[in-house]
Number of protein chains: 2
Amino acid sequence: MNIGQAAKASGISAKMIRYYESIGLMPPAHRTEAGYRAFHEKDIHALRFIARARSLGFSVEQMSNLLALWQDRHRASSDVKAVALAHIEELDGKIKKLQDMRETLEHLVKHCHGDARPDCPILGDLAAESVELDAELTL
Amino acid sequence: MNIGQAAKASGISAKMIRYYESIGLMPPAHRTEAGYRAFHEKDIHALRFIARARSLGFSVEQMSNLLALWQDRHRASSDVKAVALAHIEELDGKIKKLQDMRETLEHLVKHCHGDARPDCPILGDLAAESVELDAELTL
DNA sequence: TCTGAAGTTTCCTATTATTGGAAAGTGAAA
DNA sequence: TTTCACTTTCCAATAATAGGAAACTTCAGA
């Protein structure tokens, strides 16, 4: 199987397959005599594993852990669960941050006329004198 | 005001202040005879504006728009509102994506014993044969 | 006035995951 | 044999930020 076919079969671009190999997430692929990478079923499985993990937002480093656990038949499911839970917390943190931003912005938008007049609380907020920072300066 | 003081007063690191200047988000700072950047109140205002916008998740490009609107006394508040609304949609998209990931992962975690045994539905899901991709290949 | 510390300058590097391109080589079919 | 699609490696770019090096400036203390 060439890299192009492996890409189609796994949903990971050829570029990224080479990249994952270069950083050691995937082991060096076998090669044909001419130097073409040759992928076997086992490799495709690993690539799909990676694709799925990526779609769940795992970083390359986390995927590296997951792959190691996956390939260790004697892993404890608690180890896997720990990685997953840590990732959930990470996701929660990001979600919270985005929701906070969204809320603030929503609030500002609600108070903006949104007409031809120039006065706008959104810009007003952005330009507000930040008293807190001044306070910090005097600490 | 030196760059270090400007950094403290605005909450933006000296590195980033130079960066924002280099990409044109901030106009070139005035210079002392020795070549040190000299910041005035007006600059600090702009930097704080940027800091606030950053904290709301606006990208450099969006901030560039907002700054232009801010400095245009005749802007229509509807223009500002449009930028903000577009950003809210962007945030919503990101939030949704993260929540979807979180949900899937939460579901998997719930079904994982999390003990010393090796069987784990999390890895099971990651390693699952992806039938959809095969189907796509035959299109 | 000299000296040293702290601040500043520019330039280069790295990060993360991904995409793009160029130049050269390979595969396969007509 | 030509041609087209594919592959190879290498280099560059993205967005926002951080780190460091070498050279220069400022300023306070001796």
Side-chain angles (χ1 to χ4, degrees), chain A residues 1-26 28-40 43-44 46-47 49-67 87 90-91 93-94 97-98 101 137, chain B residues 1-26 28-40 43 47 49-67 87 90-91 93-94 97-98 101 137:
Chain A
M1 221 177 189
N2 276 345
I3 198 170
Q5 298 168 292
K8 270 184 197 154
S10 67
I12 299 181
S13 73
K15 282 264 170 184
M16 288 311 294
I17 293 176
R18 290 193 198 97
Y19 172 69
Y20 288 146
E21 180 184 315
S22 80
I23 62 171
L25 182 61
M26 285 287 289
H30 299 126
R31 300 284 186 143
T32 65
E33 291 204 346
Y36 278 25
R37 285 177 182 79
F39 297 87
H40 308 297
D43 307 310
I44 305 303
L47 287 172
F49 183 103
I50 291 172
R52 178 80 178 123
R54 256 342 257 127
S55 79
L56 288 173
F58 284 100
S59 70
V60 166
E61 204 186 343
Q62 290 170 316
M63 289 194 291
S64 181
N65 292 332
L66 287 173
L67 276 168
H87 186 43
E90 212 175 289
L91 291 175
K94 289 183 184 172
K97 209 168 155 188
L98 293 177
M101 291 180 190
L137 281 180
Chain B
M1 221 181 190
N2 277 344
I3 197 170
Q5 300 168 293
K8 270 183 197 154
S10 67
I12 297 181
S13 72
K15 283 258 170 189
M16 288 311 294
I17 293 177
R18 292 193 197 98
Y19 172 69
Y20 288 145
E21 179 184 315
S22 81
I23 61 171
L25 182 61
M26 285 287 289
H30 300 127
R31 300 284 185 143
T32 66
E33 292 205 346
Y36 278 25
R37 285 178 183 78
F39 297 88
H40 308 296
D43 306 312
L47 287 171
F49 184 101
I50 289 172
R52 178 82 178 120
R54 260 332 262 130
S55 79
L56 288 174
F58 284 99
S59 70
V60 166
E61 205 187 343
Q62 290 171 317
M63 290 194 291
S64 182
N65 292 333
L66 287 173
L67 277 168
H87 186 43
E90 214 175 286
L91 290 175
K94 288 182 184 174
K97 208 169 155 187
L98 292 176
M101 290 181 189
L137 282 179

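Computed from a predicted structure; not experimentally measured. A note on names: the letters A, B, ... follow the listed sequences, proteins ahead of strands, and every chain is numbered from 1.
If you take CE of B:M16 and P of D:dA15, they are 12 Å apart, rounded to a whole angstrom. Rounded to an integer number of Å, the gap from A:E21 CD to D:dT7 P is 14 Å. The distance from atom CD of A:E33 to atom P of D:dT8 is 16 Å, rounded to the nearest whole Å. Counting to the nearest Å, the P atom of D:dT17 and the CD1 atom of B:I50 are 11 Å from each other. Here D:dG20 presents its P atom at 14 Å from CZ of B:R18, a figure rounded to the nearest Å. Going from atom CD of A:Q5 over to atom C1' of D:dT7 covers 12 Å, rounded to whole Å. Between B:K15 atom NZ and C:dG7 atom P the separation is 15 Å, expressed in whole Å. A straight line from CD of A:Q62 to P of C:dT16 spans 12 Å, rounded to a whole angstrom.
Here B:Y20 reaches the OP1 or OP2 of D:dT17: one of its side-chain N or O atoms lies under 4.0 Å away. Close to D:dT17, at under 4.0 Å from its OP1 or OP2, lies no side-chain N or O of B:S13. At the phosphate of C:dT26, neither OP1 nor OP2 sits under 4.0 Å from any side-chain N or O atom of A:R37.
Taking both residues in full, the closest heavy atoms of B:L47 and B:A6 are given as CD1-CB, 4.4 Å, listed atom of the first, atom of the second, then distance. Annotation for A:S10 and A:A51: closest pair O-CB, 3.6 Å, computed over non-hydrogen atoms. Closest approach of A:G57 to A:Q62, counting heavy atoms only: O-OE1, 4.2 Å. Contact record, A:E21 with A:A29: OE1-N, 3.3 Å, taken as the closest heavy-atom pair. Residues A:Y20 and A:V60 approach most closely at CE2-CG2, 4.1 Å, considering heavy atoms. For the pair B:M26 and B:D43, the tightest heavy-atom approach, listed with the atom from each and the gap, is CE-O, 4.0 Å.
Taking only side-chain atoms of A:N2, from C-beta outward, the nucleotide of D:dT25, D:dT7, D:dT17 with the closest atom is D:dT7. Checking D:dT17, C:dT9, D:dT7 against every side-chain atom of B:I3, the shortest atom distance belongs to C:dT9. Comparing atom distances between the B:R31 side chain and each of D:dT7, D:dC10, C:dT10 picks out C:dT10 as nearest.
Sequence order on DNA chain C of the closest nucleotides to B:G35 and A:I23 puts B:G35 first from the 5' end. Two residues, A:T32 and A:Y19, neighbour DNA chain C, and the one matched to the more 5' nucleotide by heavy-atom proximity is A:Y19.
Listed by residue number, there are no residues of residues 53-60 of chain B with a heavy-atom contact under 4.0 Å to DNA chain C.
Within 6.0 Å of atom NE2 in A:H30, 12 or fewer heavy atoms from other residues, nucleotides or ligands are found, so the atom counts as exposed in its surroundings.
Counting only heavy atoms from C-beta outward, the side chains of B:N65 and B:F58 never approach each other to under 4.5 Å.
Within the model, atoms CD1 of B:I23 and CE of B:M16 stand 7.0 Å from one another, a figure rounded to the nearest 0.5 Å. If you take CD1 on B:I50 and CG on B:L25, they are separated by 4.0 Å, rounding to the nearest 0.5 Å.
Comparing the end axes of the helix from C:dT1-D:dA30 to C:dA30-D:dT1, each fitted to five base pairs by superposing C1' atoms of four pairs onto the next four, gives an inter-axis angle of 30° (nearest 10 degrees).
No donor-acceptor contact under 3.5 Å links the side chain of B:Y36 to the base of C:dT8.
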